[in-house]
Colleague: 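Take a look at this one; I'll ask things after.
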Protein chains: 2
Amino acid sequence: MNASIASDGSPRPPAPPTPEALGAGAVTVDPAHPSGPAEQVRSQLAALIQGGVLAANAKLPTVRQLAGDLRLAAGTVAKAYRELEAAGLVRTGRAAGTRVNPGQGLAAPARAEALVFARAARAAGLNLEQAQALLAVGWDRTAS
Amino acid sequence: MNASIASDGSPRPPAPPTPEALGAGAVTVDPAHPSGPAEQVRSQLAALIQGGVLAANAKLPTVRQLAGDLRLAAGTVAKAYRELEAAGLVRTGRAAGTRVNPGQGLAAPARAEALVFARAARAAGLNLEQAQALLAVGWDRTAS
DNA sequence: CATCTTGTATCACTCTATTGACACAAGGTG
DNA sequence: CACCTTGTGTCAATAGAGTGATACAAGATG
């Protein structure tokens, strides 16, 4: 669609998710996942932040809001937020809520390379877990 | 090194790990990891199999051997092996032990793409968790 | 066939994560 | 300043994963 092409020909990134959108599907919790709920929330939010989807100073939903949306205890979401803050990805404040810290998106060339690999893996019929397995093996292989 | 270059100029893959090597470092368990020990063993072995590092019919260490090497309970390794078998990656047999099923390595072009991305991510100064985060975001983005 | 190998099953216990509810305290707003 | 917003802390209970040891049973080997 031309509507998704900027004037310089590069594709427009999708609009960043609102706080409501995070609990409405952008972040999900699968009870069958090997990691627990807190870790699933943490890692998905971290990915959105580092991948540039959640921009600097973007507001995250309140602990209670996200917990309600994801059907989790508030303390569980609070744990995920605490860990994001400990990692420097967000800052939290009473009354002010939680916001993304500036400068947490990773370098754009690496993000573009991730897209290339994701497309190739999909084209080869892999699922995400398999793609991640290949990355892990490739990571070991490129250690030297 | 020329010794690692095949006669057609392509790099030689490293030798596949022996059963002993799996418990001696090729597979590791980090108690601080968000996933539990069984899942860490399962996912690392799955990656080695799908990444072609463990070849068809390669023998895995016995449950007791790997458990001892990784300082886990045997039942925990047995759980990982059961899940690998349920996924069709391995076959287990009393007395015969556990072997990799043929045909479980994923397509070589996708593996090569994973290497390219791993190198690019390392060159950008990312760690593996960050690279996996970018892959997850890229995966969502290429869903259409 | 006898013996050995090795995965599977079982057990009581320990540990950890999560839960739902409530209270407190730090900030923000009008 | 009063009131509201929102993260943090606490609690007892629950659920699930892992533990180490043991026994059983299915296969493999000589």
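Everything numeric in this text was worked out from a predicted model, so none of it was measured. Here is the naming used below: chain letters follow the sequence lines, and residue numbers restart at 1 for every chain.
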Colleague: Would you name the heavy atoms of B:Gln44 and B:Val27 that are closest together and state the gap between them?
Modeller: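 What the structure gives for the nearest pair is OE1-CA, 3.3 Å.
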Colleague: Using the side chain to side chain contact (heavy atoms under 4.5 Å, CB included) rule, take B:Tyr81 and B:Leu45 through it: C-alpha gap first, then chi angles, then the decisive distance, then the call.
Modeller: CA-CA 9 Å; B:Tyr81 279 16; B:Leu45 288 175; 3.7 Å; yes
Colleague: Taking B:Glu113 first and then A:Arg122, would you say they form a salt bridge - that is, a charged N and a carboxylate O separated by under 4.0 Å?
Modeller: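 A salt bridge is absent here (no side-chain N lies under 4.0 Å from a carboxylate O).
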Colleague: Whole Å only: how far is the CD atom of B:Glu39 from the C1' atom of C:dA17?
Modeller: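 Atom CD in B:Glu39 sits about 16 Å away from atom C1' in C:dA17.
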Colleague: Assuming nearest nucleotide by heavy-atom distance, tell me which of B:Gly93 and A:Ser35 is located more 5' along DNA chain C.
Modeller: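 By nearest-heavy-atom nucleotide position, the 5'-most residue is B:Gly93.
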Colleague: May I ask you to decide whether B:Glu85 forms a salt bridge with B:Arg82, counting only side-chain N to carboxylate O separations under 4.0 Å?
Modeller: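 Between B:Arg82 and B:Glu85 there is no salt bridge, as every charged N stays at least 4.0 Å from the carboxylate O atoms.
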Colleague: With heavy atoms of chain A within less than 4.0 Å as the criterion, where does contact along DNA chain D begin and end?
Modeller: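 The contacted stretch runs from D:dT5 to D:dT8.
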Colleague: Rounded to whole angstrom units, what separation is found between the CZ atom of B:Arg99 and the P atom of C:dT5?
Modeller: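 Atom-to-atom, B:Arg99 to C:dT5, this comes out as 16 Å.
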Colleague: In whole angstroms, how far is the C1' atom of C:dT18 from the CZ atom of A:Arg71?
Modeller: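 For the pair A:Arg71 CZ and C:dT18 C1', the rounded distance is 17 Å.
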Colleague: Whole Å only: how far is the CZ atom of A:Arg94 from the P atom of C:dC24?
Modeller: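 One finds 13 Å between P of C:dC24 and CZ of A:Arg94, rounded.
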Colleague: Looking at the side chain of A:Ala96, which of C:dT8, C:dA25, C:dG28 is the nearest nucleotide?
Modeller: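 Comparing C:dT8, C:dA25, C:dG28 against the side chain of A:Ala96, the answer is C:dG28.
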Colleague: Take atom CD of A:Glu85 and atom P of C:dA26, then tell me their distance rounded to the nearest Å.
Modeller: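 Result: 15 Å.
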Colleague: Could you pull out the closest heavy-atom pair between A:Arg141 and B:Val53, with the gap in Å?
Modeller: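 Shortest heavy-atom contact: NH2-CG2, 3.8 Å.
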Colleague: Got a second to check how far A:Leu48's CG is from A:Leu60's CG, nearest 0.5 Å?
Modeller: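 Answer for the CG-CG pair, A:Leu48 versus A:Leu60, is 9.5 Å.
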Colleague: Can you see which heavy atom on A:Arg111 is nearest to which on A:Leu106, and at what distance?
Modeller: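 Nearest pair, atom of A:Arg111 first, then A:Leu106: NH1-O, 2.8 Å.
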Colleague: Starting from P on C:dC22, measure out to CZ on A:Arg64 and report it in whole angstrom.
Modeller: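 Value for this atom pair: 12 Å.
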Colleague: Can you figure out which of C:dG7, C:dA26, C:dT18 approaches the side chain of A:Ala95 most closely?
Modeller: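 For the A:Ala95 side chain, the nearest candidate turns out to be C:dA26.
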Colleague: If you compare every side-chain N and O of B:Thr98 against the phosphate oxygens of C:dG7 (OP1, OP2), does one of them come in below 4.0 Å?
Modeller: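 So the side chain of B:Thr98 is within the cut-off, an N or O lying under 4.0 Å from OP1 or OP2 of C:dG7.
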Colleague: Once you apply a heavy-atom cut-off of 4.0 Å, does A:Ala38 come out as touching a base, just sugar-phosphate, or nothing?
Modeller: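 The residue A:Ala38 makes sugar-phosphate contact but no base contact.
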Colleague: Whole-Å distance between C:dC15 C1' and B:Leu72 CG?
Modeller: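 For the pair B:Leu72 CG and C:dC15 C1', the rounded distance is 15 Å.
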Colleague: C:dG7 C1' sits how many Å from B:Lys79 NZ, rounded?
Modeller: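 Those two atoms, NZ and C1', are 17 Å apart.
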